Amino acid sequence: MSDEHRETGTGWPQPAEPVRPAVEPDPRPDAPDPDELSPLVPVEPPEGRAVEAGDDGGETVNLAEVASSGARPAESGEPPSAGPSGRKVSSAGVMIAALLALLGFTLVVQLKTTSTDPTLAATRQEDLVRIFSDLDSREKRLQQDIEGLEDSQRQLRSGEQGRQAALEEATKRADELGILAGTLPARGPGLAVRFEPGGKPIRADRVLDAVQELRGAGAEAMQISGGDRASARIIASTYFLDGSGDALVVDGRTLTGPFTITVIGDPETMRTALNIPGGVAASVRGDGGNVSVEDREVAEVSALHAPLKLEHARPVS
């Protein structure tokens, strides 16, 4: 038996003084002294309380208060982790940022790849106004053609007047085709375009360019005349060749300069087409020649073209 056992007289070791946890004093004036409360004395739990006791005693816990207050996280200094809603907001923000970046990149690429027409950019304002007027005149003319065709269609479907309307329409079409084919003379408002050579003769390609520009501006009938008053009707199959000296060969007929093209159509529109920068008038003036345009209230296209004899083409029934 040890000395410690002998001092107690019981043969058993004296129990050690229990270690009390450090308790901060209660700031309330009527709070009891912590020293007066002994942790070794168990307290009878009232109704609604549960006691969890170990070997050395227990601590009373109010289960109702714990259930009502809920569990609180311990203050550990670390921020709480984001829940599902936080992750969702973060994903949406990333997606929006990516879409904005893609949109900005697309706009930059579009601005860099967009180019302007250098010809129109170098054109004067007056020339742009003329071009716009030419396009507007073409649109009006096409709209009138559409209205005329729709009116003809309504007349052909009108019942009793259908036969007479069909006959009138056939006669009108025959006259129009005769003018286009060059087998019938024509008259109407138009222009007289005169080509005068300078240091160089008027080449066949210059005359062909003038014919193409006039057709594009709505010319309906044309003929070309030489200085010797010889004339040739200009139709879809007409060709031009350079002759000897200042002569020009038109459909096998030789014409001498200066040359005059008489054309029927809208005068203002055709004048604008001839004076477009870089067009036929500018090209002839660049060769040392001159192009003069005269308005005609009544232009006469009297030269006729021999009817073409078709050998292979047949209409489709």
Side-chain angles (χ1 to χ4, degrees), residues 129-153 155 165-196 202 206-240 248 250-251 253 255 258-276 279-281 284 291-308:
V129 172
R130 291 179 181 177
I131 295 174
F132 178 77
S133 177
D134 182 17
L135 295 176
D136 186 58
S137 300
R138 293 186 187 181
E139 181 182 2
K140 291 180 180 179
R141 186 172 62 254
L142 292 175
Q143 187 64 31
Q144 292 175 356
D145 294 341
I146 292 174
E147 293 176 356
L149 292 174
E150 290 178 349
D151 184 62
S152 300
Q153 184 181 20
Q155 291 180 1
L167 181 59
E168 293 176 358
E169 183 68 19
T171 303
K172 179 182 177 181
R173 291 300 182 187
D175 293 340
E176 292 177 352
L177 292 176
I179 293 174
L180 294 176
T183 57
L184 294 177
R187 65 173 56 185
L191 298 175
V193 185
R194 184 178 178 86
F195 295 85
E196 297 178 356
I202 302 297
R206 302 300 187 197
V207 178
L208 179 60
D209 291 341
V211 170
Q212 297 292 353
E213 290 184 0
L214 291 171
R215 283 176 176 167
E220 298 174 355
M222 285 183 283
Q223 72 177 26
I224 184 170
S225 304
D228 54 357
R229 297 184 181 276
S231 301
R233 187 68 172 266
I234 300 176
I235 60 174
S237 60
T238 299
Y239 64 89
F240 301 89
L248 187 67
V250 182
D251 283 345
R253 180 177 297 181
L255 306 178
F259 308 104
T260 301
I261 296 179
T262 304
V263 55
I264 297 176
D266 182 52
E268 183 179 357
T269 303
M270 294 187 296
R271 180 190 293 273
T272 302
L274 291 174
N275 291 324
I276 288 178
V280 60
V284 173
V291 177
S292 59
V293 182
E294 179 185 354
D295 288 358
R296 295 283 179 88
E297 293 183 0
V298 179
E300 296 279 351
V301 177
S302 56
L304 301 179
H305 192 279
L308 296 177

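If you're wondering where the values come from, they're calculated on a predicted model, not measured in any experiment. Throughout, residue positions are numbered sequentially from 1 according to the sequence presented.
Here the closest heavy-atom approach between residue Ala281 and residue Asn275 is recorded as CB-OD1, 4.1 Å. Closest non-hydrogen pair, Val263 versus Ala219, comes out as CG2-CB, 3.4 Å. Closest of all the heavy-atom pairs between Glu213 and Leu274 is OE1-CA, 3.7 Å. Leu308 and Ser237 make their closest contact through CD1-OG, 4.3 Å (heavy atoms, listed as atom of the first residue, atom of the second, distance). Contact detail for Ala221 and Ala186: the closest heavy-atom pair is CB-CB, 4.3 Å. Counting all heavy atoms, side chain and backbone alike, Leu184 lies closest to Ala174 at CD1-O, 4.4 Å.
The CD1 atom of Ile261 sits 12.5 Å away from atom CZ of Arg194, with the distance rounded to the nearest 0.5 Å. Between Leu191 atom CG and Ile264 atom CD1 the span is 11.0 Å, to the nearest 0.5 Å. Leu135 contributes atom CG, which lies 9.5 Å from atom OG1 of Thr269 (distance to the nearest 0.5 angstrom). Taking CG from Leu214 and CG from Asp209, the interatomic distance works out to 11.0 Å, rounded to the nearest 0.5 Å. Distance CZ/Phe240 to CD1/Ile202: 13.0 Å, rounded to 0.5 Å.
Checking each of Asp266, Leu142, Thr272 against Ser137 for a side chain to side chain contact (heavy atoms under 4.5 Å, CB included) leaves exactly one that passes, namely Asp266. The one candidate from Thr260, Val211, Leu248 that meets the side chain to side chain contact (heavy atoms under 4.5 Å, CB included) condition with Ile224 is Leu248.
Formation of a donor-acceptor pair under 3.5 Å by the Thr183 side chain with backbone atoms of Gly178 is found in this model.
Of the charged side-chain nitrogens involved, none lies within less than 4.0 Å of a carboxylate oxygen, so that Asp251 and Arg233 do not count as a salt-bridged pair. Ion pairing of Asp134 with Arg138 is present here, as a side-chain N (NZ or NE/NH1/NH2) and a carboxylate O approach within less than 4.0 Å. Under the 4.0 Å criterion applied to side-chain N and carboxylate O atoms, Asp145 and Arg141 are not assigned as salt-bridge partners. Between Arg271 and Glu268 there is no salt bridge, since none of the side-chain N atoms of the basic residue sits less than 4.0 Å from a carboxylate O of the acidic one.
Residue pairs that meet the side chain to side chain donor-acceptor pair (under 3.5 Å) test with at least one member in residues 219-230, sequence neighbours left out, are Ser225-Ser231.
Within a 6.0 Å radius of CD in Glu169, other residues, nucleotides and ligands contribute more than 12 heavy atoms.
Residues Glu300 and Thr262 fail the side-chain proximity criterion, which asks for heavy atoms closer than 4.5 Å. Between Phe195 and Val280 there is a side-chain heavy-atom pair separated by less than 4.5 Å.
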